Each structure stands twice: as structure tokens, then as C-alpha cells.
Number of protein chains: 2
Amino acid sequence: MFRKILVAEDIDSINKGIGTVLEKLDVPEVCHAPYCDEAYLKAKRALKDKVPFDLLICDLSFKADHRTEKITSGRELIRVLKSNQPDLGVIVYSIEDHPQTVKSIWDSKAVNAYVTKDRKGLSELEAAIKAVYNDGVYMSSRIASILTGSNLYELPDYEVTLLKHLANGLTQDQIEERFKKEGITPSSRSSIEKKLKELREDFNAQTTVHLITILKDLRLI
Amino acid sequence: MFRKILVAEDIDSINKGIGTVLEKLDVPEVCHAPYCDEAYLKAKRALKDKVPFDLLICDLSFKADHRTEKITSGRELIRVLKSNQPDLGVIVYSIEDHPQTVKSIWDSKAVNAYVTKDRKGLSELEAAIKAVYNDGVYMSSRIASILTGSNLYELPDYEVTLLKHLANGLTQDQIEERFKKEGITPSSRSSIEKKLKELREDFNAQTTVHLITILKDLRLI
DNA sequence: AAATACCATGCGGATTTCCGTAAGACCAAT
DNA sequence: ATTGGTCTTACGGAAATCCGCATGGTATTT
């Protein structure tokens, strides 16, 4: 079993829960870090001292605090830790089960397992730890169904920028200018209109405002 | 101390955390319900058997499942339980700290305490249980600062309906019709335009699309 | 090389939204 | 009853968006 595990998780009750699992698995050294920066420093230190962590169990979102943090999300934390220590095992343990988020994390190839905090989360976490230790990877049925489900749709970059500009208050004319300045094509007014019309049809939106709310709810923008 | 506590919370790791607190406080009877319906049935049964719960510790959001639930949120659960048993103590224990949500829950007068799940959540929960037992009410400093902070603004009903219709894809003309049919005033096209202009100015929105995204992010609609 | 398909663009008109002004309605205070 | 204020509505022009069609360029196919 893993010898040295770092847990980056801010909510104390969940830390308690994770703790009981790790005790049960007889992990000799467990370190809890309620802040991302703290987790980063501990991992860096351990690596420098040649006693690196084997596994990171990591939440995705951390509440802001009076402390001002450099690293504010689990994603960033994972990215920097992996770049320092590419062989570090990573299990995401998060309440976040929105298809877009899960897919984007999973596709980043930076994690060995993604476990959702839910009614059976702890036993899944336990299974994940064992599986990652043995096979290097674990995916719960819930996550698998989320990823294979037809409920996720990736919006191309062009569409996303266009829609974000709209959402941020630019008019279509201003977007045209912006695109021309930044060399993004197609940039013509006509193409922008056409693209928006397509999107409205694809997502069954009555109006552009409607389209934006739909896409925001789907977290596509 | 309380004798009989019902915990409505779906995430197992958090149930573990709450459990340790309640053990520490020597609560003789603790019942965990990972589903709202289950919590409802248990409370109803206990009341019928003349051994009602003293206190409900309740999450706000519950993950959907294969089970189809009648009650799907903590808010609803609190509402129905309080209507059956008005003297039931209620502590909300939620990760949700968005000003709008907190304010609306607190203003409903249905809860005795609101504790946010965070780094110190468990000790706050402990303090809340004691305080509710002794004084009937508890507010953490975090919640107090959220509620007194200037960061919350309530949007009047009229504005909310107007904006929701917009977000749901109605044109301003259609909204006018709708308002006339439903007897909502002002209903004229001109008034609708004027109101939207006001809102854009109030929230520094460049366009109506921008306004909608701002308000959605603030969860005012 | 020609044909085809696809895409970006341009344009004109219809619709919708935006904006200011003015007239009427309603209410409250004098 | 009159005045003053606020709110609703009406109207007209400007701006923005929506929509379809036509044109021209580019790449792919034959």
C-alpha cells in the first residue's frame, strides 16, 4: 500500500472521513493540508528531502479565506505538483460531477482516479486508492457513465470566445473589430451572425439571450 | 443537551465528521438519513410515536440518484418538517455560502443556525448545537459578515419575472403580451424597455445579454 | 483543368431593441 | 379642487440584430 499520502482538502468534516479510510488502509504517513499553497509547500519539501509523497488526494475547489493564496484550485495544484514530480499518483475527490468538469479533468491525463463525494464516496475512495496502487488507474461507474453519456458536448474554441465576448457585453460589431484585430477568422459581421444562428438552432434557443443562459447552465461558457 | 438528533446529509464523509461531533457531545440518539424522503419519513414516524426529534441538522443540496425522491432539497425538507413540528430545532450545515442563498434561508425564519462547511466547520457546528440548545439561535461570524455585508441585493419580484422571461427566450413583445394576460403591471413595451435600461445602468452592463450573465452569476435570477 | 462543395463575406430589408421625449394617469398633500 | 410628483404609456427615430440571398475565394474531387 501507499506509504505517504498528501490530502489537500479544506473542509474539516471531509478530512475526518478521508482520515478514517486511510487509517483503515494502514497508511503509515498521512498529511492533511487545508490550503493549496500548504499542500504545495509540503510536497515540495518532501521531494527535496528525498521522502516524496506517493499519492495526492485532492479536492478541486477551496474556499477563499483571510489568507491570500497563490494556488487557489485543485486543478492548479495538481498541475504544479505533477510538473515537479511526474510520477505522483493523483486521486481527485470532489463533489463536482458536472460532465464538463469531469471530462476536462479526466482528459488532462493528470489524474489517476476521479471519485465523486456522494453517498458511497468513501468506499469508492477506498477502492480508488487500492486500484491506483495496483493498476495505476480507477474510474467509478458513476464517472464512467458521466464520461460516456451523451450529455456532454464540447464547444469549439471559436464559438466559446465569441459567446464569451457576447456575455461580457460586446456588441456583434465590437466582436467583429476584436476578431479582426486579433486575427481570428471568420471575423465578418455576417459570419458572426450566422454562427449565432446555428448555435441558437443547435441548442433550441429562442433568442440570443436565451442561448447564453442555456450555455451558462450547461457550463459550456 | 439534545436527546435525539436527525441528520439529513448525503455525503458519507461529512456524515462521519458530523458523527464525531455528536459523539463528543454525548447525544444519545442520532439518526442519519442520506435522502430527504428518508429524513421526512423518520421524522414523521418519530412524531407519531411521540418520540420526536429535538433537532435537525440538514444539508441543503442532495445529489440525485437512481432513487426518485419527492423531496429533493434541504429547503423543502425543512419546510415540511417545520409545518409538522414547528418547535423542531434546525441547523443548516451546508457548503453553500453564497450571500443570496444564505440570506434567503435566514430570512425564512425557519432555521436556528446556519453553519458553513469549511476549514473550521465542525467546531462551528459544535458551537451551533450548544448555542441552539441554550439560546435557540446561533450565527457564525462568517455568516454574520455575509449577511451584513453590502454584497447582497434583493431584486424585486417584478424585475425577477421580467428577467427570467428574457432569459427563457421571450422577446420584449412577448413579455408585454404575457404581462397583460397575467395582469402584471407595468406591462407596456415602453416600461419594459425602461426597466431594462435602469437595470443595465445599476449593474454596469453594456448590453442586455451582459446584464443577464451578471445577474445569473450573482444568482439574482 | 474543370467541376463541385464549402466557407467567408457583403448586402438589403425585416424585425427587434434602444433611447429620449411627451402626454396622460394616479396619488398625495395642501 | 389644485398642485406637484411619480409612474405608465405612447410615439418616433436610431441602433443593433436577424435573415436570406448572392458573390467570390479556396480546397477537394473527378
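Values in this document were obtained by computation on a predicted structure and should not be read as measured data. Order of the sequence lines sets the chain letters (A, B, ...), proteins ahead of strands, with each chain counted from 1.
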A.B. asks: A:Gln206 CD to C:dT15 C1': how many Å, rounded?
C.D. replies: 16 Å
A.B. asks: Taking only side-chain nitrogens and oxygens of A:Arg200, does any of them come within less than 4.0 Å of OP1 or OP2 of D:dC19?
C.D. replies: yes
A.B. asks: Atom CD1 of B:Ile212 and atom P of C:dT17: how far apart are they, to the nearest Å?
C.D. replies: 12 Å
A.B. asks: Rounded to the nearest Å, what distance is computed from the CG atom of residue A:Leu199 to the C1' atom of nucleotide D:dT17?
C.D. replies: 15 Å
A.B. asks: With the threshold set at under 4.0 Å for non-hydrogen atoms, list the residues of residues 174-194 of chain A touching DNA chain D in residue-number order.
C.D. replies: A:Arg189, A:Glu193
A.B. asks: D:dC18 P sits how many Å from A:Leu211 CG, rounded?
C.D. replies: 10 Å
A.B. asks: Does B:Lys63 reach the main-chain N or O of A:Ile95 with its side chain, forming a donor-acceptor pair under 3.5 Å?
C.D. replies: yes
A.B. asks: Can you tell me the distance, in whole Å, between the CG atom of B:Asp173 and the P atom of C:dC18?
C.D. replies: 12 Å
A.B. asks: Has B:Gln172 got a side-chain N or O lying under 4.0 Å from the OP1 or OP2 atom of C:dT15?
C.D. replies: no
A.B. asks: Please answer whether the main-chain N or O of B:Lys120 pairs with a side-chain N or O of B:Asp118 as donor and acceptor at a distance below 3.5 Å.
C.D. replies: yes
A.B. asks: Quick one: pull up CG in B:Asp107 and CG in B:Leu147 and give me the separation to the nearest 0.5 Å.
C.D. replies: 7.5 Å
A.B. asks: Centre of B:Tyr114's six-membered ring, under 6.0 Å away, within 45 degrees of the axis: is that where NZ or CZ of B:Arg142 sits?
C.D. replies: no
A.B. asks: Mind checking the CD-CG spacing from B:Glu69 to B:Asp37? Nearest 0.5 Å is all I need.
C.D. replies: 4.0 Å
A.B. asks: Measure from NZ on B:Lys195 to P on D:dT6 and round the result to the nearest Å.
C.D. replies: 14 Å
A.B. asks: Write down the distance between NZ (B:Lys197) and P (C:dT16), rounded to a whole number of angstrom.
C.D. replies: 22 Å
A.B. asks: Give a yes or no on this: more than 12 heavy atoms of other residues, nucleotides or ligands lie within 6.0 Å of atom CG of A:Asp157.
C.D. replies: no
A.B. asks: Would you give the length of the straight line joining atom OH of B:Tyr93 to atom CD1 of B:Ile57, rounded to the nearest 0.5 angstrom?
C.D. replies: 9.5 Å
A.B. asks: Whole angstrom is fine here: how far is it from CG in A:Leu196 over to P in C:dT16?
C.D. replies: 17 Å
A.B. asks: Closest approach to the side chain of B:Thr208, judged atom by atom: which nucleotide of C:dC19, C:dC18, D:dA16 is it?
C.D. replies: C:dC18
